[in-house]
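Any value given below was found using the heavy atoms of this structure, including those in side chains, with hydrogens, waters and symmetry copies removed.
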Amino acid sequence: IQPAITDILRRNVVRNGLREVVTVVPMGCFSSDGEAVIEPHGDPGAARIAFGPGELRVPLMTLDRYAETAALDRLDLILVDAEGADFEILKGASAVLSKFRPIVLAEVHHLEAFGGSEEGLRRFMAQFGYVARELQGVYSRDLLFTAATPKETAVAGD
């Protein structure tokens, strides 16, 4: 949602011949629609949204509203790396999670910045029938959520 990063994304989409399958939407996602500001932290990749006064204002929309507005008939993957807002973004995707059952990859660093926790995120996703697998990267720790298999569901119910 930062203009410089959005421009890079648009260029990469064109360079890789993905204009037919990738739509760049210069808008942020959150648990509710509204507006936020970009809080810079030096490196554009470390910036995060904040609420209150600020120079660079950005619109916010839930993933549920986006899916409805865009009339999506398929959604296979949600990748969230939002410097702590990851859980909040997924809170705005309840209908998407229920309807499309996408694979979800979410970073778990900094969730406390928005009042969240890894355990809270795990519980939230479990209510939609997801199981988590931990992925440890060089610079981040992520959770890969997939729909529970019948065996995993039976074990969880015991």
Side-chain angles (χ1 to χ4, degrees), residues 1-39 44-45 47-51 56-111 113-118 120-135 137 140-153 156:
I1 56 176
Q2 296 179 81
I5 301 294
T6 303
D7 290 344
I8 292 168
L9 176 59
R10 282 189 178 111
R11 280 196 309 268
N12 285 335
V13 166
V14 171
R15 283 182 185 154
N16 290 289
L18 298 171
R19 281 189 274 190
E20 299 300 317
V21 295
V22 174
T23 302
V24 177
V25 180
M27 178 174 288
C29 295
F30 204 66
S31 55
S32 60
D33 296 343
E35 187 178 71
V37 296
I38 298 294
E39 186 177 81
R48 71 170 51 144
I49 64 167
F51 298 94
L56 182 56
R57 303 201 71 72
V58 295
L60 300 175
M61 178 186 288
T62 67
L63 283 173
D64 284 344
R65 189 157 84 82
Y66 176 76
E68 182 181 330
T69 302
L72 297 183
D73 59 8
R74 180 177 173 181
L75 196 156
D76 298 320
L77 172 71
I78 297 173
L79 181 133
V80 190
D81 182 352
E83 301 307 309
D86 309 67
F87 189 3
E88 286 300 314
I89 290 167
L90 292 170
K91 286 179 185 176
S94 296
V96 162
L97 295 171
S98 295
K99 179 179 180 181
F100 297 112
R101 312 290 294 145
I103 294 168
V104 176
L105 180 62
E107 186 180 42
V108 294
H109 287 296
H110 315 298
L111 294 178
F114 291 88
S117 69
E118 180 179 333
L121 176 57
R122 286 174 181 265
R123 279 193 312 270
F124 176 80
M125 294 299 289
Q127 74 182 344
F128 296 100
Y130 281 86
V131 293
R133 290 171 181 78
E134 295 181 22
L135 301 175
S140 70
R141 193 162 152 289
D142 304 314
L143 293 177
L144 177 67
F145 292 98
T146 55
T149 65
K151 182 179 180 180
E152 290 168 323
T153 303

Are the side chains of Leu135 and Leu143 in touch, meaning some heavy atoms are under 4.5 Å apart?
no
Taking atom CD as the centre, does Glu68 end up with more than 12 heavy-atom neighbours from other residues, nucleotides or ligands that are less than 6.0 angstrom away? no
When rounded to the nearest 0.5 Å, the distance separating CG of Leu18 from OG1 of Thr23 is 11.0 Å
**Q.** Residues Glu88 and Lys91 bridged, charged N to O under 4.0 Å
**A.** yes
Just wondering, are more than 12 heavy atoms of other shown residues or ligands nearer than 6.0 Å to CZ in Arg57?
-> yes
CG (Asp86) and CD (Glu118) are apart, to the nearest 0.5 Å, by 11.5 Å
* Asked: Charged N to carboxylate O below 4.0 Å: is that the case for Arg122 and Glu134?
  -> yes
One should read off an interatomic distance between Asp81 CG and Leu105 CG, to the nearest 0.5 angstrom, of 8.5 Å
Requested in this report: Using a cut-off of 6.0 Å, state whether more than 12 heavy atoms not belonging to Arg19 lie near its atom CZ.
Outcome: no
>> With a 4.5 Å cut-off on side-chain heavy atoms, are Thr146 and Val131 touching?
In response: yes
* Decide side-chain contact (heavy atoms from CB on, under 4.5 Å) for Val96 and Tyr66; before the verdict, give the C-alpha distance in whole Å, the side-chain angles of both, and the deciding distance to 0.1 Å. => CA-CA 10 Å; Val96 162; Tyr66 176 76; over 6 Å; no
Scanning both residues in full, the closest heavy-atom pair of Ala36 with Leu60 reads CB-CD1, 3.7 Å
Worked check of side-chain contact (heavy atoms from CB on, under 4.5 Å) between Thr62 and Asp33 | CA-CA 6 Å; Thr62 67; Asp33 296 343; 3.7 Å; yes
Separation between CE (Met61) and CD1 (Ile89), nearest 0.5 Å, reads 13.5 Å
- Query: Is it true that a side-chain atom of Arg101 and a backbone atom of Phe128 form a donor plus acceptor pair closer than 3.5 Å?
  - Reply: yes
* To do: Would you sort out whether Val22 and Asn16 count as a side-chain contact (heavy atoms from CB on, under 4.5 Å), showing the intermediate values?
  => CA-CA 10 Å; Val22 174; Asn16 290 289; over 6 Å; no
Exercise. Heavy-atom distance under 4.5 Å between the side chains of Pro102 and Leu97, does that happen here?
Worked result: yes
What one should report as the nearest heavy-atom pair of Leu75 and Phe100 is O-CB, 3.5 Å
To the nearest 0.5 Å, atom CG of Leu63 lies from atom CG of Leu72 at 9.5 Å
Heavy atoms of Pro59 and Pro26 approach each other most closely as CG-O, 4.1 Å
| query | Would a 4.5 Å heavy-atom cut-off, applied to side chains only, mark Glu83 and Glu39 as touching? | reply | no
Nearest heavy-atom approach of Leu111 to Glu107 is CD2-O, 4.0 Å
dist Phe87:CZ -> Met125:CE (nearest 0.5 Å) comes out at 9.5 Å
Residues Gly120 and Ser117: closest non-hydrogen pair is N-OG, 2.9 Å
Task: From CA spacing to verdict: side-chain contact (heavy atoms from CB on, under 4.5 Å), Ser94, Asp64 - done: CA-CA 7 Å; Ser94 296; Asp64 284 344; 4.1 Å; yes
Within-4.5 Å side-chain heavy-atom neighbours: Ile78 and Phe145
no
Practice item. Please say whether more than 12 non-hydrogen atoms of neighbouring residues, nucleotides or ligands are located less than 6.0 Å from CD in Gln127. Key: yes
